[in-house]
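Just so you know, ligand 1 is whichever comes first in the structure, and atom 1 is the first atom listed for that ligand.
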Amino acid sequence: MNYDAGTLRPTEHGEVWVTDDGGEIDQDLGNYERFFCTDIPKRNNITTGQIYKTIIDNERAGKYLGETVQFIPHVPDEIKRRIKAAAEGFDFCLVEVGGTIGDFENIAYLFALKSLEREIGKDNITYILITYLPIPSHIEEMKTKPTQQAIRLLSENGIWPDFIICRAKKPLDDVRKKKIEMMANIRRENIISEPDIDTIYRIPLDLEKEGLGKKLLEELKVKAKKEPEWKSWKVLVEALVDGKKEVNIAIVGKYVDIGDYSLADSYMSINQALAHSAANLRVRLKITWVDSKRFEKHPEELKELSQFNGIIVPGGFGSSGVEGKIKAIQYAREHDIPYLGLCYGMQLATIEYARNVCGMGDANTTEIDPKTEHPVITILESQKKILEQSQLGGTMRLGAYAAALQEGSVIQKLYKEKRIERDADRVKELRKDRQQAFRLGEFGPKDIIVVERHRHRYEVNPLFIERLEKGGFVFSGFHLRSDGTKLMEFMELPKHKYFVGTQSHPEFKSNLEDPAPLFLGLIRAGMK
Ligand code: GLN
């Protein structure tokens, strides 16, 4: 029922994924972007909350002209309308109905798909059921019953799967394939085994081995335009799993309420971005989660940080664990351990420098201490107004923003390697869409700019920039607003092996074939 993922707790639901156009979306969309290597807009995320809100708003505005507003047809109709809008202009549209068949939440979506099938014809729609085949440890036997149930439940909605992808710890054997074949009444070749593997990036290769691409095209009666080429992908997948040298990166954050489970989901994109860079540099990645609160009570434990090849302070909100993060950043700076600060991680690096190098002992962000004499990070009133007027996400700066990079800076060099060209294309697209054009800032067409995504309220306070820079802190990239205000986007300490921060979240634009430059820089420095 959530409208979007903006208000969800990441430790419970996983990371909030941010799109170029400022959507706050379920992390799953991120996987599609990473695999398709393309920017996916927020309209591609459809939630029940959005559907109901639209329908109730329409009803209040009298748009149904006296009709009785009902679950059927109004809810499936609104779902269909949104699917079609997202598919507009594309050759194929992939719809993932989340959750498990039998969930109450899915019913409207299954109705919508069935109705879409009637509209566009069965030749133009293919259903893939993804099921899980448990192997209970006390009998060590793979069970097909849940799959059979899923097929039956789907059929109650008039949907028969054309393909079944069988997730399990182990590959599917012939006996079980036959059972499923009988139950679903489909060709055996369309039952595809997808056992657990070492990395999700191997999945396309496995599915290709099963010929899924060809079979899908056949099913949809579409002719292939070219043969897929997997060579470079294969090389990267192998590098992901068998790098010789190990790089050990600490992610220092506040870690609460996760129970017995790891933080992999709350920091999904950071993990992925690190993995992409490690694979491209042919090293094995080790990630260690370090709870910053420890350093508040036991500063003597800070020296444990010296065992890491790099430290990241990720994005975050609120005061919990913040002083510990600042201590960790100080340790990284003073001991020249490669450091990458992401959003809050850049803000806190600014505070640390202001306090310990520039003599502003009580420097802080007004998010934590609204009364500080040195609010080096603060809410810019003018920025708040602009964001409120734009009505895109309340007072948060959300989505892609362009930044110009300082000539010759560490950051510019990293972006120059590969990304600048890709971003130039992105800028052209943003220019076309007048509603999104404000994200470009006031840069001329010739300026070399990069585009990264944002999700924050606070900014570096322009009143302190000169003092910080005099003290040796370098702001190496900024966004230029139409009223001339500069928003600081990147910082670096050039004398260090690698000490870099950004107000953005570059992890959202990383993929295996095109890793995020700042992560690449961190791993490279860590390898040294
Ligand atoms: N809390 C900070 C802000 O709102 C940083 C947010 C973040 O790290 N995404 O500006």
> Of the options Tyr498, Tyr331, Phe499, which is the one that meets Tyr339 in a ring-ring contact (aromatic ring centres under 6.0 Å, His included)?
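Between Tyr339 and the candidates, ring-ring contact (aromatic ring centres under 6.0 Å, His included) is satisfied uniquely by Phe499.
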> Give me the ring orientation class for His454 and His456: parallel if the planes are under 30° apart, tilted from 30 to 60°, perpendicular past 60°.
tilted
> Classify the ring geometry of Tyr32 against Phe36: parallel below 30°, tilted from 30° to 60°, perpendicular beyond 60°.
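The rings of Tyr32 and Phe36 lie parallel, inter-plane angle below 30°.
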> For a distance cut-off of 3.5 Å, show me each N or O of ligand 1 paired with any protein N or O, plus the separation.
unit_1   : atom_1 : unit_2 : atom_2 : d
ligand 1 : 1 (N)  : Gly316 : O      : 2.9
ligand 1 : 1 (N)  : Glu367 : OE1    : 2.7
ligand 1 : 1 (N)  : Glu367 : OE2    : 3.1
ligand 1 : 4 (O)  : Arg457 : N      : 3.0
ligand 1 : 8 (O)  : Gly316 : N      : 2.9
ligand 1 : 8 (O)  : Gly316 : O      : 3.4
ligand 1 : 8 (O)  : Tyr344 : N      : 3.1
ligand 1 : 9 (N)  : Arg455 : O      : 2.8
ligand 1 : 9 (N)  : His505 : NE2    : 3.2
ligand 1 : 10 (O) : Gln347 : NE2    : 3.1
ligand 1 : 10 (O) : Arg457 : N      : 3.1
ligand 1 : 10 (O) : Tyr458 : N      : 2.8

> Under the salt bridge (Lys or Arg N to Asp or Glu O under 4.0 Å) test against Glu452, which residue among Arg397, Arg419, Lys509 passes?
Arg419
> Centres of the Phe475 and Phe473 rings: under 6.0 Å?
yes
> Can you find a heavy atom in the side chain of Phe35 that is under 4.5 Å from one in the side chain of Ile200?
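Phe35 vs Ile200: side chains touch.
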